[in-house]
Number of protein chains: 4
Amino acid sequence: MRGLNKVMLIGNLGKDPEEQTLEGGITVAKFSLATTESYKDDKGETHSLTEWHSIVAWRSLADLAGKYLKKGSTIYLEGKIKTRSYEDKEGNKKYVTEIIAESFIMLDKPADKAEINASF
Amino acid sequence: MRGLNKVMLIGNLGKDPEEQTLEGGITVAKFSLATTESYKDDKGETHSLTEWHSIVAWRSLADLAGKYLKKGSTIYLEGKIKTRSYEDKEGNKKYVTEIIAESFIMLDKPADKAEINASF
Amino acid sequence: MRGLNKVMLIGNLGKDPEEQTLEGGITVAKFSLATTESYKDDKGETHSLTEWHSIVAWRSLADLAGKYLKKGSTIYLEGKIKTRSYEDKEGNKKYVTEIIAESFIMLDKPADKAEINASF
Amino acid sequence: MRGLNKVMLIGNLGKDPEEQTLEGGITVAKFSLATTESYKDDKGETHSLTEWHSIVAWRSLADLAGKYLKKGSTIYLEGKIKTRSYEDKEGNKKYVTEIIAESFIMLDKPADKAEINASF
DNA sequence: TTTT
DNA sequence: TTTT
């Protein structure tokens, strides 16, 4: 409660989304999204800095991602931050921070397919 | 370029901010922020789910965080996501995702101190 | 398509929400929300500037606004901008810009009532 | 204080920006931005609904708008809502709600010119 | 580790 | 018309 956890990104997919169907028939799609920022250093030279985000889409939004998004697609994505832990093969506890997608807009696609909202 | 990387959170600090002064006199403040979400399960029962975010504030924003924020403070925070890697003591590569603060608003403090923007 | 129209406000209600039930049983709640910004002038003196927003909530969100929000309540509100035109008594065309509420969070209320999302 | 007044839009310019230089050498650029939303009606048919926003950019951001934005340009724009009143020729008080631009990203332009932030 |  |  009293909580807001919102992420807004505009960037490009690094690869095609990977879709999976879990037991129970629920689908998940995962992809990475690059957001690039440009800044000037002390000498006034422009540099660019890319940040990669791990995106996870569930259910119908996963289907839409799998169907319409490709490597290189430019999208606006809205979602929330979630950190989960797991154990790697050596038994070390690891943490991953992912963005759970809530909706996205395709910025380089035909307009009739452009706006997509999560059903969840 | 073409990039947007924006995070908006409303939540509470888990602890007082930890301030550090780096070589060169630059200050950093770090703290964790809890955002709590409530949802209903299949049976209609309400549950709450807390997500912890690692926040990093630089320079003058670090000073303001150190000066005004305390364990338990409720804030609205705007920033961007940044994942950095480091090697732990055993030489394993690890990743941490942090929110670089850009501004915050205190939601439970006297109004004359409430709105604070990063100078960076 | 390709469209994003999003407003995020943190402020206080100027009055209790006004509820109305339209033909067909649809409920609407209207209220004004003040967002106050502070800035420094050329001489370094701090001023504050208040902006008033006309908020419109529909259906179940209207019910929740009517039930929980009062004059003075502090809320985070998310919605979209909509400008509509009408004719005044003298037949002049007039325009009003309103924020159609999509969700709100109460920032000064008991937590179990704090987070409220539009069903629409 | 305690205030947040933030607007985020993705849309297209209806016309080229109109630039003006005020006394004192301050520049302003004005343009309208269309955000289009698609929705399904009761019968499942898709409709689209366009909302027009009046955008005002000041100083260096006005210069950038005048230089890089054209009729039809697709942009992401961030700003705040401001309603001002004036008297028309007949002496009637009128209100206009405008979006004061704070930054924009060009979504259909060469990447090296894409990200632009207000200096104000 | 927070808050209600 | 709010809030601090």
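Naming: A, B, ... by sequence-line order, numbering from 1 per chain. Everything numeric here is computed off the predicted structure, so don't read it as measured data. Note: hydrogens, waters and symmetry copies are ignored here, and every other heavy atom, side chains too, is used.
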Handout entry: Atom-to-atom span, NZ of C:Lys70 to C1' of F:dT1 - whole angstrom
Key = 16 Å
Exercise for the section: Quick one: label C:Lys15 by what it contacts on the DNA or RNA (base, sugar-phosphate, nothing), any heavy atom closer than 4.0 Å. Expected result: base
Handout entry: B:Trp52 CH2 to E:dT3 C1', straight-line distance once rounded to whole Å
Key = 9 Å
Problem - Separation of E:dT3 C1' from B:Leu107 CG (nearest whole Å) - result: 12 Å
Exercise for the section: Figure out the CG/C1' separation between B:Asp16 and E:dT2, and round it to whole Å. Expected result: 12 Å
Practice task
Kindly say whether B:Lys71 contributes a backbone atom to a donor-acceptor pair with the side chain of B:Asp16 at under 3.5 angstrom?
Solution key: yes
Exercise for the section: Please confirm whether any donor atom in the side chain of B:Ser32 sits under 3.5 Å from an acceptor in the base of E:dT1, or the reverse. Expected result: yes
Exercise for the section: Let me know the distance between NZ of C:Lys71 and P of F:dT3, rounded to the nearest Å. Expected result: 7 Å
Practice task
Check the side chains of B:Ser48 and B:Ser38 for a donor-acceptor pair under 3.5 angstrom, ignoring hydrogens and angles.
Solution key: no
Practice task
Check whether any side-chain N or O of C:Glu51 sits under 3.5 Å from a backbone N or O of D:Thr83 as a donor-acceptor pair, and report yes or no.
Solution key: yes
Exercise for the section: May I ask you to verify whether the side chain of C:Thr50 and the base of F:dT2 hold a donor-acceptor pair under 3.5 Å? Expected result: yes
Practice task
Starting from C1' on E:dT1, measure out to CG on B:Leu33 and report it in whole angstrom.
Solution key: 11 Å
Problem - Whole-Å distance separating the OH atom of A:Tyr95 from the C1' atom of E:dT1 - result: 13 Å
Practice task
Could you walk me through whether D:Thr97 and C:Ile81 pass the side-chain contact (heavy atoms from CB on, under 4.5 Å) test, one step at a time?
Solution key: CA-CA 10 Å; D:Thr97 298; C:Ile81 300 174; 5.9 Å; no
Exercise for the section: For B:Leu69 and E:dT2, give me the distance from atom CG to atom P, rounded to whole Å. Expected result: 16 Å
